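Please read the structure below before turning to the comments.
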Protein chains: 2
Amino acid sequence: MNSSKRSEQFPTADHDHQTCVTHALQEAEDFCLQQGLRLTELRHRVLELIWANHQPVGAYDLLEQLTHEGRKAAPPTIYRSLDFLLENGLIHRITSLNAYVGCNHPGLNHAAQFFICEACGQAAELDDAKIESVIARDAKRLGFTVEKRTVEVAGICAHCKLRPNP
Amino acid sequence: MNSSKRSEQFPTADHDHQTCVTHALQEAEDFCLQQGLRLTELRHRVLELIWANHQPVGAYDLLEQLTHEGRKAAPPTIYRSLDFLLENGLIHRITSLNAYVGCNHPGLNHAAQFFICEACGQAAELDDAKIESVIARDAKRLGFTVEKRTVEVAGICAHCKLRPNP
DNA sequence: TGCTATATTGTTATATTATAACGTAACATC
DNA sequence: GATGTTACGTTATAATATAACAATATAGCA
Ligand SMILES: [Zn+2]
Ligand SMILES: [Zn+2]
Ligand SMILES: [Zn+2]
Ligand SMILES: [Zn+2]
């Protein structure tokens with residue numbers, strides 16, 4: 001399985017789920033070590049849960065998963081970890097879903113675009129330079145300084161078009 | 001003042017605010033008459049408030065403005081009107097702000113992009129066909145059927161770059 | 001006109017997402 | 001080990017949005 005290729009499309013139902021998670025966690029550990037960031041046990045576990053869900057997942061869903069495994073956790077517990085992971089580019093927030101998803105290219109300070117399937121809940125992360133350049137051109141015309149981009153496309157993925165009820 | 005031109009950029013501080021509102025309301029009334037839609041007094045007033053605010057405004061802000069003018073209103077009051085206005089393309093929802101703004105091209109079923117100033121709160125609505133076509137191309141490559149697009153760019157507008165404290 | 005179906009609004013309660021405030025524990029550095 | 005800093009625990013609350021049902025207004029028709 002080619003992970004970097006997979007990241008540019010919707011995952012198939014038969015792909016090796018656990019390998020994705022393991023790989024992402026390993027990348028995060030390496031990245032944090034390199035950057036001198038403290039990927040504490042809690043942050044590590046939250047990131048692992050996000051990847052294990054394997055699709056955008058809400059903060060309170062994560063919170064419930066934490067408490068179900070015996071950990072004392074309240075909303076700030078989860079939001080602090082999410083903030084850390086967001087700030088350091090290990091996850092993305094999907095604004096239109098109020099949900100969080102693992103980043104496929106951690107470390108790079110990149111602008112991502114998301115294609116979100118309304119049937120199966122999966123999201124594909126793209127990094128299309130063309131979209132960026134068109135936005136940059138519009139911004140230039142407006143005299144606008146870009147800080148943050150949100151590009152989220154909702155619809156139906158190829159797998160779900162074939163399979164009416166995923 | 002050329003309204004259709006204004007809509008493609010950030011409004012200047014000295015433009016005729018009231019004319020914007022009046023014009024937008026007139027357009028909405030015409031549109032609803034044409035379409036057989038009931039722009040009730042409440043819906044009309046909510047749309048007027050949105051335009052009068054002249055920048056993306058939250059549901060509870062609108063609710064407070066309604067109650068301050070003596071009307072009995074609860075959250076559903078405002079959300080129902082917002083739903084009506086959204087469904088019929090008279091306003092847009094800015095996902096990244098949880099806020100609502102008048103549409104500059106009501107009637108057209110168009111995909112809008114928003115450039116949002118983090119300093120003054122103003123938002124410019126664009127309808128850039130290039131962005132649409134790039135998204136469409138990506139979608140085609142993914143085999144993805146697009147239902148809804150969210151393109152929101154946050155940053156600093158040209159006016160605020162000149163004037164540090166608006 | 002009055003009757004009836006439908007659409008709209010009122011009202012109360014609650015769900016969902018996120019943050020404030022403050023105390024405690026862990027960690028790092030000296 | 002003392003001290004400053006970072007992370008976490010805990011309680012309360014803010015901000016956004018919807019569910020459910022009752023009352024009212026409107027539209028279309030008898
Ligand atoms: Zn990413
Ligand atoms: Zn799908
Ligand atoms: Zn519009
Ligand atoms: Zn501005």
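Numbers restart at 1 for each chain; the letters A, B, ... are given by sequence-line order, proteins then strands. Remember, it's a predicted structure, so these values are computed and weren't measured experimentally. The figures that follow rest on heavy atoms only: side chains count, while hydrogens, waters and symmetry mates do not.
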- [ ] Assign a letter to each nucleotide of nucleotides 17-30 of chain C from its 5' end: B, base within under 4.0 Å of a protein heavy atom; S, sugar-phosphate only; -, no contact.
- [x] BBBBBB----S---

TODO: Please write out which residues are connected to Ile116(A) in a hydrophobic cluster, directly or through intermediates, given that two of Ile, Leu, Val, Met, Phe, Trp, Tyr count as joined at side-chain heavy-atom separations below 4.5 angstrom.
DONE: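 Hydrophobic cluster check, Ile116(A): joined to Ile94(A), Leu97(A), Val101(A), Phe114(A).
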
Task: Hydrophobic cluster partners of Ile156(A) (side-chain heavy atoms under 4.5 Å) - done: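 Other cluster members: none.
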
Open item on the list: Which label fits Phe144(A) and Phe115(B): parallel for a plane angle under 30°, tilted from 30 to 60°, or perpendicular past 60°?
Closed with: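 Taking Phe115(B) first and then Phe144(A), their aromatic rings stand perpendicular (interplane angle over 60°).
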
TODO: For the residue pair Trp51(A) and His54(A), categorise the inter-ring angle as parallel (less than 30°), tilted (30 to 60°) or perpendicular (more than 60°).
DONE: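 If you compare the ring of Trp51(A) with that of His54(A), the planes turn out perpendicular.
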
Task: Outermost DNA chain D nucleotides near chain A [under 4.0 Å, heavy atoms] - done: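 Contact span on the strand: dT6(D) to dT11(D).
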
Task: salt bridge (Lys or Arg N to Asp or Glu O under 4.0 Å) partners of residues 39-56 of chain B, not counting sequence neighbours, each pair once - done: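 The answer is Glu41(B)-Arg71(B), Arg45(B)-Glu48(B), Arg45(B)-Glu69(B).
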
Open item on the list: Please give me the minimum heavy-atom distance between Ile78(A) and Leu63(A), naming the atom from each residue.
Closed with: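 Closest approach of Ile78(A) to Leu63(A), heavy atoms only: CD1-N, 4.2 Å.
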
- [ ] For Ser133(B), check side-chain hydrogen bond (donor to acceptor under 3.5 Å, both in side chains) against everything at least two apart and list the hits.
- [x]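 Ser133(B) satisfies side-chain hydrogen bond (donor to acceptor under 3.5 Å, both in side chains) with no other residue.
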
